[in-house]
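Quick one: structure below, then a few questions.
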Amino acid sequence: MQSFGLIHFFQTHIAPMEIVSDLGQMQDICMRARIDNQKIALVPTMGFFHEGHLSLMRWARLNADQVVVSVFVNPAQFGPGEDLDRYPRDLERDSSMARSLSIDFLFVPYAADLYPEGFDTWVETQKLSKFLCGQERPAHFRGVTTIVCKLFNLTMPRMAVFGRKDRQQLLIIKKMVRDLHMPVDIVGLPTIREHDGLAMSSRNAYLSPRQRKEAANVYKGLAMIRQEVLSGRTDRLELESLLGNYYRQNIPGAVIDYIQLVNAETLENASRADNNTFMAVALKLGRTRLIDNIELGQSTEDA
Ligand code: AMP
């Protein structure tokens with residue numbers, strides 16, 4: 001790489017961002033970069049960027065030679081009656097944000113190319129995909145692992161960057177990579193939050209001003225639970241019911257999907273909170289489903 005350092009510098013930092021939709025073209029570009037010994041980082045997204053997405057891109061820019069950001073609202077991870085059709089999209093804004101971070105390639109594939117007629121091959125982690133969000137969204141993680149596997153095959157990254165906000169997704173992808181010997185390092189980065197603590201999410205755009213105000217309590221409740229744990233309260237049932245009561249009082253309009261204290265690796269219920277557990281929640285405010293989680297114990301990274 002050093003031997004053609006200047007060219008490399010121009011390729012990685014000066015060349016304008018390219019928007020690629022064609023699958024074969026993306027694969028050719030990445031294949032050539034791999035042959036040139038360049039480290040590719042992939043940041044998979046569904047677009048409508050916010051600071052959470054940008055934090056992943058910044059990390060990738062700092063740690064890789066070539067950064068590919070994919071923007072694809074993946075139909076396979078939406079269930080019937082979910083928000084596939086109204087999911088927020090703004091490719092023009094996304095591309096100017098990605099360009100401002102010196103991203104090399106914005107990969108914007110078409111659903112018809114990724115899922116042509118007759119498509120019939122799925123990648124699925126059996127156990128982890130059944131817990132937490134998998135209860136309410138049974139086919140969701142199968143859609144996620146399948147698309148991420150396809151994106152890996154198309155972009156051949158050395159590393160792929162995900163957010164810990166979607167902690168179950170991150171665990172499932174790590175498991176898929178381990179189980180299938182995929183040569184990709186999976187990087188999980190902290191949750192980026194609004195000033196009042198609400199985890200940034202493209203879906204926050206759905207919230208009415210009143211719901212948006214209430215939504216801040218999703219994280220406030222989690223932070224309260226973390227304080228309780230730090231002061232010695234660790235029983236799962238007690239903590240879950242404390243949080244349930246907090247939400248019923250402070251987000252009265254919400255329908256709680258789950259509140260669960262789980263083991264950070266297996267996602268099974270933990271009997272007590274400790275360093276290897278996290279509290280995960282999902283709730284619906286009107287038609288908007290919000291998820292969040294917090295690590296418990298002394299050495300938390302996401303507090
Ligand atoms: P999405 O576009 O919602 O599918 O998210 C794309 C990637 O960004 C996933 O790895 C998410 O976990 C990550 N992400 C989403 N929201 C946040 C956030 N608030 N902080 C950090 N990462 C996030």
Side-chain angles (χ1 to χ4, degrees), residues 7-34 36 38-75 77 84 86-111 113-114 144 147-166 169-170 173 184-194 199-206:
I7 296 172
H8 172 68
F9 179 82
F10 274 101
Q11 276 176 343
T12 53
H13 299 288
I14 305 291
M17 184 180 82
E18 233 181 281
I19 301 180
V20 180
S21 286
D22 185 81
L23 307 188
Q25 190 192 353
M26 189 75 259
Q27 214 166 25
D28 281 350
I29 289 170
C30 293
M31 181 76 85
R32 264 184 273 123
R34 286 297 293 244
D36 283 349
Q38 302 218 3
K39 206 191 280 179
I40 301 170
L42 171 68
V43 184
T45 81
M46 298 207 298
F48 208 68
F49 295 156
H50 50 68
E51 268 303 314
H53 296 115
L54 301 188
S55 72
L56 310 186
M57 294 183 211
R58 285 195 195 97
W59 189 97
R61 179 68 286 160
L62 282 173
N63 290 281
D65 301 314
Q66 298 285 335
V67 180
V68 180
V69 175
S70 61
V71 175
F72 181 60
V73 182
N74 175 31
Q77 68 190 67
L84 173 63
R86 62 191 186 107
Y87 195 86
R89 293 162 168 90
D90 190 342
L91 189 58
E92 211 167 298
R93 178 171 156 274
D94 286 350
S95 41
S96 78
M97 288 166 98
R99 198 171 282 118
S100 74
L101 296 185
S102 305
I103 297 308
D104 300 292
F105 299 99
L106 198 66
F107 181 32
V108 192
Y110 295 109
D113 293 338
L114 283 166
V144 170
I147 192 64
V148 170
C149 176
K150 281 158 132 333
L151 292 171
F152 285 178
N153 288 335
L154 291 163
T155 63
M156 289 165 264
R158 273 270 297 279
M159 55 183 100
V161 192
F162 296 86
R164 290 207 289 264
K165 183 201 151 241
D166 301 286
Q169 168 175 286
L170 174 63
I173 287 161
V184 186
D185 289 336
I186 303 301
V187 178
L189 297 182
T191 303
I192 304 297
R193 300 181 178 282
E194 302 283 359
M200 290 195 179
S201 164
S202 308
R203 288 192 167 100
N204 293 348
Y206 297 147

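Position 1 is the first residue of the sequence, and the numbers go up from there. Reckoned from all heavy atoms, side chains included, excluding hydrogens, waters and symmetry mates.
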d(F152 CZ, I186 CD1) to nearest 0.5 Å is 4.0 Å

Without swapping roles, check the side chain of R164 against the backbone of L170 for a donor-acceptor pair under 3.5 Å. no

Residues passing the salt bridge (charged side-chain N to carboxylate O under 4.0 Å, His left out) test with R158, sequence neighbours excluded, are none

query: For V20 and Q27, what are the C-alpha separation, side-chain angles and deciding distance, and is it a side chain to side chain contact (heavy atoms under 4.5 Å, CB included)?
result: CA-CA 10 Å; V20 180; Q27 214 166 25; over 6 Å; no

N/O donor to acceptor pairs below 3.5 angstrom from side-chain atoms of residues 51-59, sequence neighbours left out:
residue	atom	partner	partner atom	Å
E51	OE1	R58	NH1	3.2
H53	ND1	H50	N	3.1
S55	OG	G52	O	2.7

What's the shortest heavy-atom distance between Q66 and A33, and which atoms?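 Nearest pair, atom of Q66 first, then A33: CG-CB, 4.3 Å.
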
(message) Main chain of Q38, side chain of D36: is a donor-acceptor contact present, judged purely on distance under 3.5 Å?
(response) no

Kindly indicate, with the supporting measurements, whether the criterion side chain to side chain contact (heavy atoms under 4.5 Å, CB included) is fulfilled by T155 and S70. CA-CA 10 Å; T155 63; S70 61; over 6 Å; no

On a heavy-atom basis, the closest approach of N74 and V144 is ND2-N, 4.3 Å

Checklist line | Straight-line distance of T45 OG1 to D94 CG, nearest 0.5 Å | finding: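 With rounding to 0.5 Å, OG1 (T45) is 6.5 Å from CG (D94).
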
Exercise for review: Check for a donor-acceptor pair, side chain of D65 on one end and backbone N or O of K39 on the other, with a separation under 3.5 Å.
Suggested key: yes

Between G47 and V71, the two heavy atoms sitting closest are CA-CG1, 3.7 Å

**Message:** For R61 versus D104, what's the shortest heavy-atom pair and its separation?
**Reply:**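 In terms of heavy atoms, the two residues are closest at NH1-OD2, 2.9 Å.
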
- Task: Hey, could you give me the CE/OG distance between M46 and S202, rounded to the nearest 0.5 Å?
- Result: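 Spacing of CE (M46) from OG (S202) equals 7.0 Å.
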
Report task. Compare every heavy atom of F48 with every heavy atom of A205, then report the nearest pair and how far apart it is. Result ->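 In terms of heavy atoms, the two residues are closest at CB-CE2, 4.0 Å.
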
Between I19 and V108, the two heavy atoms sitting closest are CG2-CG2, 3.9 Å

Has the side chain of D90 got a donor or acceptor atom that lies under 3.5 Å from a matching backbone atom of R93? yes

Value for CG (L114) from CD1 (I147), rounded to nearest 0.5 Å, stands at 4.5 Å

